[in-house]
Amino acid sequence: MTAHKQGDPTTLNRLYGRSKGHRLRPSQQALLDHVYPALAVPAEGPITSQTLFDDPPGRERPLHFEIGFGAGEHLAYRADLLPDHGFIGAEPFVNGMVGALQHVRDQRLGNIRLYLGDALEALARVPDGTLAMVYLLHPDPWPKARHSKRRMMNPGPLDLIAAKLRPGGVFRMATDHPVYCRWAMMQMAPRIAPGGDFEWMAKSASDFRNPPSGWPLTRYAEKALREGRELWFFQYRKVRE
Ligand SMILES: C[S@@+](CC[C@H](N)C(=O)[O-])C[C@H]1O[C@@H](n2cnc3c(N)ncnc32)[C@H](O)[C@@H]1O
């Protein structure tokens with residue numbers, strides 16, 4: 001059994017960090033005003049392949065969800081790689097949203113929907129057991145112990161991610177922060193223990209020191225490498241409710 005408290009709200013429904021950066025150029029503002037509305041996740045109701053892509057019943061495409069996509073390069077790469085799948089990206093940082101919109105426009109991606117805000121609010125509206133994959137790449141580390149409750153890798157968000165993945169669905173997480181890496185492994189330890197809801201897919205150390213194919217490095221990963229920091233990659237498969 002998992003040792004953490006089920007339903008612990010830690011980190012849920014709370015946004016930390018910035019949502020606005022440098023002022024948008026008119027062309028960027030135009031993307032937000034004219035392209036974003038057509039790609040935005042509906043403001044309310046369930047988030048499904050039917051409500052997002054109009055998929056008929058019985059022909060629902062697999063859905064992927066990226067939490068905090070930054071400038072959207074990983075989201076766009078994955079959507080381009082898997083054109084028959086649907087991708088939901090959530091990011092509260094407006095300048096990041098503009099980055100994703102630029103990718104969608106430049107790569108002509110028709111299988112991405114976007115949410116400007118707290119990923120956990122959107123994730124909560126996805127019916128349980130429906131996501132093929134969830135991505136959490138280089139989440140804000142909040143390295144000070146007194147901020148640890150702000151980390152995404154906490155029981156509340158992890159319960160939500162687990163609930164939304166379908167059986168066999170995969171949760172991918174990467175970090176370049178040693179404190180976060182240890183914390184994340186501690187959070188996942190009871191969940192990957194016998195009887196837990198996930199299985200850690202790594203078979204050897206190289207599996208978590210290198211990204212598997214189809215997992216491009218993000219802007220934060222590249223920055224960490226330039227600064228001489230290590231990267232860690234985790235894949236967990238959902239094995240039971
Ligand atoms: C360190 S950056 C990493 C960005 C990107 N994933 C990458 O690897 O380049 C963390 C991102 O998480 C976003 N973020 C923080 N809290 C969030 C939340 N509650 N929901 C969605 N995104 C969030 C931040 O705005 C920021 O873009």
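When reading the values below, keep in mind they use all heavy atoms of this one structure, side chains included, and skip hydrogens, waters and symmetry mates. Starting from 1, each residue takes its place in the sequence as its number.
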| query | If you measure from the Lys or Arg side-chain nitrogens to the Asp or Glu carboxylate oxygens, is any gap between D197 and R240 under 4.0 Å? | reply |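 A salt bridge is absent here (no side-chain N lies under 4.0 Å from a carboxylate O).
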| Quick one: do E121 and R125 make a salt bridge, cutoff under 4.0 Å? |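 Answer for the salt bridge query: no.
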| Residue from V35, V41, L101 passing side-chain contact (heavy atoms from CB on, under 4.5 Å) with L114 |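 It is L101; the other options fail the test.
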Nearest 0.5 Å, what's the [atom1]-[atom2] distance between [X] and [Y]?
| X | Y | atom1 | atom2 | value |
| --- | --- | --- | --- | --- |
| M173 | L158 | CE | CG | 9.0 Å |
| M153 | Q187 | CE | CD | 7.0 Å |
| L116 | Y36 | CG | OH | 5.0 Å |
| R172 | L136 | CZ | CG | 13.0 Å |
| F198 | K238 | CZ | NZ | 7.0 Å |
| Q102 | E73 | CD | CD | 11.5 Å |

May I ask you to decide if [Y]'s main-chain N or O and [X]'s side chain share a donor-acceptor pair within less than 3.5 Å?
| X | Y | result |
| --- | --- | --- |
| R78 | W215 | no |
| T51 | P46 | yes |
| D128 | L160 | no |
| Q50 | T48 | no |
| N111 | L82 | yes |
| N95 | H22 | yes |
| Y135 | G89 | no |

Provide the closest heavy-atom pair for [X] versus [Y] in the form atom of the first, atom of the second, distance.
| X | Y | result |
| --- | --- | --- |
| P62 | R166 | CB-NH1, 4.1 Å |
| L24 | Q28 | CA-OE1, 3.4 Å |
| A174 | F233 | CB-CD2, 4.0 Å |
| D207 | M201 | OD2-O, 4.4 Å |
| G110 | F53 | O-CE2, 4.0 Å |
| A162 | R191 | CB-NH2, 3.8 Å |

| Residues F69, H74; criterion ring-ring contact (aromatic ring centres under 6.0 Å, His included); working and verdict | CA-CA 7 Å; F69 57 67; H74 172 274; over 10 Å; no
| field | D33 atom CG, over 12 foreign heavy atoms within 6.0 Å | value |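 Yes, CG of D33 has more than 12 neighbouring heavy atoms, counting only those of other groups under 6.0 Å.
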| Does CD belonging to E44 count more than 12 external heavy atoms closer than 6.0 Å? |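 Counting neighbours around CD of E44, 12 or fewer heavy atoms of other residues, nucleotides or ligands fall under 6.0 Å, so no.
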| task | Output, in order, the C-alpha distance, side-chain angles, deciding distance and verdict of ring-ring contact (aromatic ring centres under 6.0 Å, His included) for W200 and F208. | result | CA-CA 10 Å; W200 188 13; F208 60 86; 5.5 Å; yes
| Picking from R226, R219, R229, what satisfies salt bridge (Lys or Arg N to Asp or Glu O under 4.0 Å) with D176? |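 It is R229; the other options fail the test.
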